Amino acid sequence: MKRPLPLTDMRRTALLMALAMLGGAALAQSPASPSTPPASASASATPLARSFTLSNGMTLIVQPDRRAPTVAHMVWVRVGSMDEVDGTSGVAHALEHMMFKGTPDLKPGEFSRRIAALGGRDNAFTSRDATAYHQQVPASKLEAVMRLEADRFARNQWADEEFRREIEVIKEERRQRTEESPRARMFEALNAMVYQASPYRRPIIGWMSDIEAMTPDDARAFFRQWYSPGNAAVVIAGDVDVEQTRALAEKHFGAIPARAVPARKPREEPAQAGPRRLEYRAVADQALVALAYKAPRWRGAEVDNDADRDALALAVLSAVLDGYGGARLDRALVQGTGAGGKRIADSAGASYGLMGRGPQMFMLTAVPARGVTPEMASAALKTEVERIARDGISETELQRVKTQWTAGEIYKLDSVFNQARELGSYWINGMDLNAGDRLMTRLRAVSAAQVQSVAQRYFVEDQLTSGVLVPDASRRDAAPAAAVGPRPALTRH
């Protein structure tokens, strides 16, 4: 399984995935009706993506790309860790694991073995907003993959003992990726402080106590509740014919009985009324500073609006600070060209989520250099944002970021998997397939004045949640206990 990265490692991934979203006309699409002409002409030879609704309410999105005889096949379910309730954190991720454990016709693990026998590869991932299952196979094997995926979506089943074995794997996954990493634990605690009411406050993998208490029926109930056709989309990109693919999808996925999608209750994050501070003490080699600010998310509305404009300007600000080698934070804090000419940090970064079903944050991070206190590193991070708020950014910086985005999109088009992933991401966030075109068009239109404006308005103390990892050798006895006995191997899923 591809696990979402801890916040400390999201400097590049959040930026490149969210900011460089495929925006060219190759993925632009008119509304779902295939008879409606596209809204804009394509400069690419790649046909436009098409969207359909199958007879049971499941969405089908098809992006033809005939440049290679391969196809990416994804099933997206609009359910992630944000849809869990207290006491069952991690159940979305646990269910993702169990989806590989069989159906009435497949033994545990046989799904992946059959995909490999077709000459393909497969995996899955769980995020806050979604769960997705993906395969890439020769185009001639598409129907075989659709048959397998539709079968497990409709008839996933496994023995209780199989669940108990897999829970041990998940516990080990949490140990290796969170419990044994002081930085990961600090970011997990910081995240729970940033969000008070939003379900984003819970870790995707779940709290260890919830994982230990989880039962097979918890996962089965979650499956019955959320894995319905109306809550899922099949996304296919590659060497396919649209109408043939539509017929195959109706045959295999459209035959799954329709069920009502549960209503989701709003869980809005209340306004923050003052700064919050976390001091996380752990056995660590170096301190780490993180400054998190509440920020709007980009909703991809057809009609431009202030919140969307601010979100895109924050995206540009993140790129100016940390979007390329030698960007502002690197130059000022790591290379030591900032105020006073002193090297402040061994590393420094900025990240911003941009899109999601829930609230977003803008985060600044730094690992203080030897002899530098966390307070000095924190002040240096704030200084760089304050400099932009006061002096703005240059047109050279702005154009460099935009040029990089454009170049990145050219390379991204070479991957049918990336095309399918981005189309699925738009769907998860309730956007139409024109969202990519709008995103890049509006990103290109962001001005230096807009970047300066968001730097002035969003980075205020009342909206700050700061976290400091404090090295403390005396905490050795308080470190999470290691697993007793042989440790299970982590699986791909």
Side-chain angles (χ1 to χ4, degrees), residues 4-21 23 78 80-83 126-130 187-188 190-204 264 266-272 275-276 290-301 304-323 349-365 381 385 405 422 424-431 435-436 438-439 442-443 446 450-451 453-460 462-467:
L5 298 174
L7 289 171
T8 188
D9 297 324
M10 286 175 60
R11 290 192 306 138
R12 298 287 190 254
T13 45
L15 183 70
L16 295 178
M17 283 183 60
L19 302 190
M21 275 286 185
R78 193 177 277 131
S81 64
M82 74 173 295
D83 300 290
T126 305
S127 71
R128 290 166 164 175
D129 303 314
F187 277 108
E188 185 177 77
L190 179 66
N191 190 71
M193 180 177 282
V194 170
Y195 298 118
Q196 303 288 293
S198 170
Y200 275 9
R201 69 187 312 273
R202 292 188 294 267
I204 295 168
R264 289 179 166 92
R267 287 176 284 181
E268 297 297 327
E269 183 66 19
Q272 187 167 333
R276 302 168 185 162
L291 307 178
Y293 299 86
K294 299 282 184 19
R297 69 184 187 267
W298 188 70
R299 296 176 181 267
D304 204 7
N305 58 78
D306 289 343
D308 273 8
R309 281 191 290 269
D310 280 357
L312 296 179
L314 286 165
V316 175
L317 174 61
S318 178
V320 168
L321 289 169
D322 185 34
S351 65
Y352 169 56
L354 185 62
M355 293 195 309
R357 289 170 52 207
Q360 299 300 305
M361 74 170 78
F362 193 111
M363 183 172 287
L364 303 168
T365 59
L381 289 169
V385 177
W405 287 332
E422 289 180 347
S425 295
Y426 296 142
W427 179 83
I428 287 294
N429 285 287
M431 302 176 189
R438 284 196 298 276
L439 176 60
R442 291 175 184 173
L443 278 169
V446 172
Q450 287 175 286
V451 178
S453 176
V454 294
Q456 293 169 343
R457 291 183 287 115
Y458 284 97
F459 297 84
V460 296
D462 274 359
Q463 297 303 306
L464 170 62
T465 303
S466 58

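Hydrogens, waters and symmetry mates play no part in the numbers below; they use all other heavy atoms, side chains included. None of these values were measured; they are calculated from a predicted model.
Within the 3.5 Å criterion, the main-chain N or O of Ala350 finds a donor-acceptor partner in the side chain of Asp322. At least one donor-acceptor pair under 3.5 Å links the side chain of Glu269 to the backbone N or O of Gln196. Put simply, the side chain of Arg78 gets close to the backbone of Ile428: a donor and an acceptor are under 3.5 Å apart. A donor-acceptor distance shorter than 3.5 angstrom exists from the side chain of Arg201 to the backbone of Tyr195, with no hydrogens or angles considered. A donor-acceptor pair under 3.5 Å is absent between the side-chain atoms of Lys294 and the main chain of Thr465, judged by distance alone.
Scanning both residues, Gln450 and Val446, for their nearest heavy atoms gives OE1-CA, 3.3 Å. Contact between Gly436 and Tyr426 at its shortest, heavy atoms only, is CA-OH, 3.1 Å. Shown here for Leu291 and Ser466, the closest heavy-atom pair between the two residues is CD2-CB, 3.7 Å. The shortest non-hydrogen separation linking Asn191 to Arg128 is OD1-NH2, 2.8 Å.
Under the side-chain hydrogen bond (donor to acceptor under 3.5 Å, both in side chains) criterion, Tyr200 pairs with Asp129, sequence neighbours left out. Taking the side chain to side chain contact (heavy atoms under 4.5 Å, CB included) definition, one finds that Ala455 meets it with Leu317, Val385, Ile388, Ala389, sequence neighbours left out. The side-chain hydrogen bond (donor to acceptor under 3.5 Å, both in side chains) check on Gln360 picks up nothing, with sequence neighbours excluded. For Arg264, the salt bridge (Lys or Arg N to Asp or Glu O under 4.0 Å) partners are Asp83, not counting sequence neighbours. With sequence neighbours left out, Asn429 forms a side chain to side chain contact (heavy atoms under 4.5 Å, CB included) with Met355, Arg357, Met431. For Ala307, the side chain to side chain contact (heavy atoms under 4.5 Å, CB included) partners two or more places apart in sequence, or in a different chain, are Asn305.
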### Task
Check step by step if side chain to side chain contact (heavy atoms under 4.5 Å, CB included) holds for Ser198 and Arg267.
CA-CA 6 Å; Ser198 170; Arg267 287 176 284 181; over 6 Å; no
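To the nearest 0.5 Å, the span separating CD on Glu422 from CG on Leu439 amounts to 9.0 Å. To the nearest 0.5 Å, the span separating CD on Gln272 from CE on Met193 amounts to 10.0 Å. For the atom pair CE (Met361) and OH (Tyr352), the distance works out to 11.5 Å, reported to the nearest 0.5 Å. In this structure, the separation between CZ on Arg202 and CE on Met82 is 9.0 Å, given to the nearest 0.5 Å.
Looking at Leu321 and Phe362, their side chains come closer than 4.5 Å, going by heavy atoms from C-beta outward.
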Anything under 3.5 Å between a donor and an acceptor, one on a side chain of residues 308-316, the other on a protein residue two or more places apart or in another chain? List them.
{"unit_1": "Asp308", "atom_1": "OD1", "unit_2": "Arg299", "atom_2": "N", "d": "3.0"}
{"unit_1": "Asp308", "atom_1": "OD2", "unit_2": "Gly300", "atom_2": "N", "d": "3.4"}
{"unit_1": "Asp308", "atom_1": "OD2", "unit_2": "Ala301", "atom_2": "N", "d": "3.2"}
{"unit_1": "Arg309", "atom_1": "NH1", "unit_2": "Asp304", "atom_2": "OD2", "d": "3.3"}
{"unit_1": "Arg309", "atom_1": "NH2", "unit_2": "Asp306", "atom_2": "OD1", "d": "2.4"}
{"unit_1": "Asp310", "atom_1": "OD1", "unit_2": "Arg457", "atom_2": "NH2", "d": "2.8"}
{"unit_1": "Asp310", "atom_1": "OD2", "unit_2": "Arg457", "atom_2": "NH1", "d": "3.0"}
{"unit_1": "Asp310", "atom_1": "OD2", "unit_2": "Arg457", "atom_2": "NH2", "d": "3.3"}
{"unit_1": "Asp310", "atom_1": "OD2", "unit_2": "Tyr458", "atom_2": "OH", "d": "2.7"}

